[in-house]
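See structure below.
As the structure is a prediction and not an experimental result, all values here were calculated from the model. Convention: sequence-line order gives letters A, B, ...; per-chain numbering from 1.
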Amino acid sequence: MTLLAVERIKLFTTRSPWWCAVAALAIVIGFAALMAGTAQTDAQVSVGSSQFGYDFGLTVIMVLAALSITTEYRFGTIKTTFLAAPNRTKVLLAKTAVVALLALLVGEVAAFGALGVSALMAPSADLALDSGADWAQVAGVGVVYALAAVIAVAVGGLVRHSAGAISLLLIYAMVAEPLVQIIPRVGDDIYQWLPFNVVEKFLSGDGATRGAASAGPPLSTSTLSQGWALAYFAGLAAVLLATAIMVARRRDA
Amino acid sequence: MATGRRRMAVTIDPTTYETQGRHLMIEAKGLTKYYGDTLAVNDLSFQARAGTVTGFLGPNGAGKSTSMRMILGLDRPTRGTAIVNGKRYHELRHPLRTVGALLDAKWVHPNRSARAHLAWLAKANGIGKSRVDEVLDIVGLTSVAGKRAGGFSLGMSQRLGIAGALLGDPEVLLFDEPVNGLDPEGILWMRKFMHRLADEGRTVFVSSHLLSEMSLTANELVVIGKGELVAQSSTTDFVARATEQAVLVRSPQLPLFRDVLTAEGAELRDENGGVIVSGMDSDAIGELAAKHSVTLHELSPQLGSLEQAFMQLTGDTVEYAAH
């Protein structure tokens with residue numbers, strides 16, 4: 001518990017987490033406003049379309065999470081931290097927990113904020129959360145942000161350099177993963193199992209939440225159920241975090 | 001004081017008691033560290049006792065910082081152990097209450113205020129908030145406590161680092177090159193400060209590459225070169241030995257006189273055209289020469305400086321020495 005409080009103090013006494021959180025909110029909610037504002041009829045606005053901007057918020061959250069640990073290496077505060085609390089496993093678990101909680105919170109506020117702004121701008125649209133799929137699409141955003149934050153903290157802890165960790169995460173999630181699809185023959189089979197594709201399945205399922213919305217990011221090609229898709233993403237986050245902790249325990253600080 | 005003093009905790013194994021009744025607070029046993037194939041510290045063993053300032057002396061790159069990081073559990077020794085107050089660092093429950101360390105004054109987030117930096121450190125070791133203001137006051141940073149640490153001068157950063165080290169009112173303090181880059185006033189302050197800490201019964205372990213500085217600060221010296229122990233002794237002994245008078249002797253009957261000097265217990269070292277005699281002053285050598293009817297061409301006392309002596313001791317262990 002003490003270490004959670006310590007990591008909370010550390011996170012909120014620097015500026016970048018605040019900026020990142022505000023940026024994530026602004027992007028996701030702003031994107032929903034853009035979607036609702038440019039729709040020709042209210043019928044094109046759906047629960048699914050209100051969340052189209054979630055991807056952009058996700059990148060900001062991963063930047064926030066990666067920075068929370070890489071800046072510690074950059075400024076040497078990780079050494080100060082390990083002097084004050086030599087149990088590195090506990091320190092890293094506490095840091096991950098605090099960052100993931102912030103990501104969860106930001107994700108929920110962003111997702112419900114996006115839904116709310118859509119409802120304001122397209123009053124006659126059907127934006128009621130009346131199915132499990134609708135709930136997963138909106139409430140699931142915070143959960144995905146939290147897990148992505150865990151992945152980003154783990155990668156940041158392994159790479160230790162801000163620029164390196166952030167480019168690795170963003171290039172992978174935004175560029176490399178979609179590009180796998182163009183590999184002849186095996187590309188689609190591999191892509192089906194790549195994490196950011198799989199987690200899209202958890203959020204948007206088979207597209208039932210999108211209603212009449214025409215545009216929007218492609219649906220996931222994963223064949224997992226929504227529940228298993230989430231479990232798969234969570235499992236990956238756990239494995240990466242365990243690896244990062246193991247490596248941190250062995251390496252010199 | 002919120003935390004209260006728990007000086008001389010009784011959990012220490014009796015075998016670590018030093019004969020004079022002083023505690024052995026830091027004990028390195030066979031510390032060895034490889035970075036890849038590079039041997040940074042080699043089988044290093046030494047002790048630091050309570051109530052003394054122990055200087056950790058060696059040229060740059062001798063392995064002082066690496067050794068300190070191993071004592072503090074930041075770097076993992078390839079072999080050997082370091083014991084602080086009877087335990088290994090990571091076994092200490094609230095380490096900052098036992099050991100305070102200032103290894104690098106820059107280990108602070110530049111956008112965090114001095115107070116926030118100390119606040120999370122205090123929180124991590126169950127130290128009360130009032131102590132944060134206390135240590136800020138001790139190092140004289142109260143007026144800038146809310147300012148971001150990134151804007152601090154080197155001297156101020158150094159003092160913030162000291163405040164962090166003092167936070168848990170620890171029995172053991174480690175400082176890595178604390179006077180580097182300080183102005184003369186700062187150096188004087190630091191020197192007095194370390195003496196005060198030792199007078200309070202604490203163990204102060206301080207590294208430096210400057211013998212002259214250490215001769216003023218430390219009671220005990222642990223001297224290392226190229227990662228290996230060169231000497232551990234009291235500063236007085238070390239300085240006496242290091243500045244021991246040597247005499248240059250030249251004589252046409254040198255082979256004969258050599259035997260005479262050696263028989264009298266002097267130590268000889270060849271020097272261009274003569275020998276450097278140590279362990280005997282010039283008066284004694286002159287009289288010996290007269291007694292044995294040896295002609296002397298030169299009999300000149302060599303006044304070595306501390307720095308020269310230090311170079312001599314660690315000279316062949318300095319990594320960048322010209323060959």
Side-chain angles (χ1 to χ4, degrees), chain A residues 1-22 64 66-95 97-99 102 156-157 160 162 245-253, chain B residues 33-35 40 66 68-78 84 87-127 146 148-150 160-161 164-165 167-168 170 174:
Chain A
M1 281 321 278
T2 312
L3 286 175
L4 287 175
V6 168
E7 292 300 329
R8 180 180 49 80
I9 299 174
K10 278 162 72 179
L11 192 65
F12 291 118
T13 49
T14 58
R15 280 177 293 190
S16 69
W18 293 103
W19 284 113
C20 287
V22 169
L64 182 161
L67 280 179
S68 76
I69 187 155
T70 54
T71 53
E72 292 238 38
Y73 282 101
R74 159 96 167 74
F75 297 120
T77 48
I78 195 76
K79 297 182 185 103
T80 319
T81 305
F82 289 155
L83 286 180
N87 187 329
R88 298 185 185 182
T89 306
K90 282 188 186 168
V91 167
L92 294 177
L93 283 177
K95 175 178 288 297
V98 168
V99 175
L102 175 65
R160 293 185 174 194
S162 301
I245 289 175
M246 215 168 62
V247 169
R249 286 176 62 96
R250 301 184 60 87
R251 270 203 290 204
D252 294 332
Chain B
K33 179 70 184 178
Y34 279 93
Y35 290 112
T66 303
M68 287 183 133
R69 282 202 303 270
M70 287 194 284
I71 294 170
L72 296 168
L74 290 176
D75 283 13
R76 171 193 288 257
T78 310
V84 184
K87 288 180 177 170
R88 282 189 290 174
Y89 191 84
H90 66 84
E91 294 166 347
L92 297 167
R93 194 167 122 66
H94 285 305
L96 298 188
R97 295 202 202 166
T98 306
V99 187
L102 170 58
L103 295 196
D104 189 332
K106 290 195 290 288
W107 289 352
V108 176
H109 195 294
N111 286 337
R112 203 173 273 143
S113 71
R115 183 176 281 118
H117 173 71
L118 296 172
W120 72 259
L121 278 175
K123 185 82 193 171
N125 280 253
I127 296 162
R148 38 186 295 274
L160 177 58
L167 201 56
L174 281 88

**Asked** Which one, A:N87, A:T2, A:I78, leads in non-hydrogen pairs under 4.5 Å with chain B?
**Response** A:T2
**Asked** Which atoms of A:R88 come close to chain B, meaning under 4.5 Å heavy atom to heavy atom: side chain ones, backbone ones, both, or neither?
**Response** side chain
**Asked** Any luck finding a side-chain donor-acceptor pair between A:R74 and A:S162 under 3.5 Å?
**Response** no
**Item:** Choice from B:K106, B:R148, B:K123 maximising heavy atom contacts with chain A below 4.5 Å
**Value:** B:K123
**Prompt:** With the threshold set at 4.0 Å, does a side-chain nitrogen-carboxylate oxygen contact exist between A:K79 and A:E72?
**Reply:** no
**Fill in**
Applying a strict 4.5 Å limit to non-hydrogen atoms, the region of B:H117 in contact with chain A is side chain
**Item:** A:R15 side chain vs B:R112 backbone, donor-acceptor pair below 3.5 Å
**Value:** no
**Request:** Heavy atoms only, distances under 4.5 angstrom: which of A:L3, A:T13, A:I9 has the most pairs with chain B? Name it, please.
**Result:** A:T13
**Fill in**
Turns out that what part of A:S16 lies under 4.5 Å from chain B's heavy atoms comes down to neither
**Prompt:** Applying the side chain to side chain donor-acceptor pair (under 3.5 Å) test to A:K10, which of A:T77, A:T81, A:T80, A:T71 qualifies?
**Reply:** A:T81
**Intermediate values then yes/no, side-chain contact (heavy atoms from CB on, under 4.5 Å), A:T70 and A:R160** = CA-CA 5 Å; A:T70 54; A:R160 293 185 174 194; 5.7 Å; no
**Prompt:** After noting the C-alpha distance and the side-chain angles of B:L121 and B:I127, does the key distance pass the side-chain contact (heavy atoms from CB on, under 4.5 Å) rule?
**Reply:** CA-CA 8 Å; B:L121 278 175; B:I127 296 162; over 6 Å; no
**Item:** B:D104 portion near chain A, given a 4.5 angstrom heavy-atom threshold
**Value:** neither
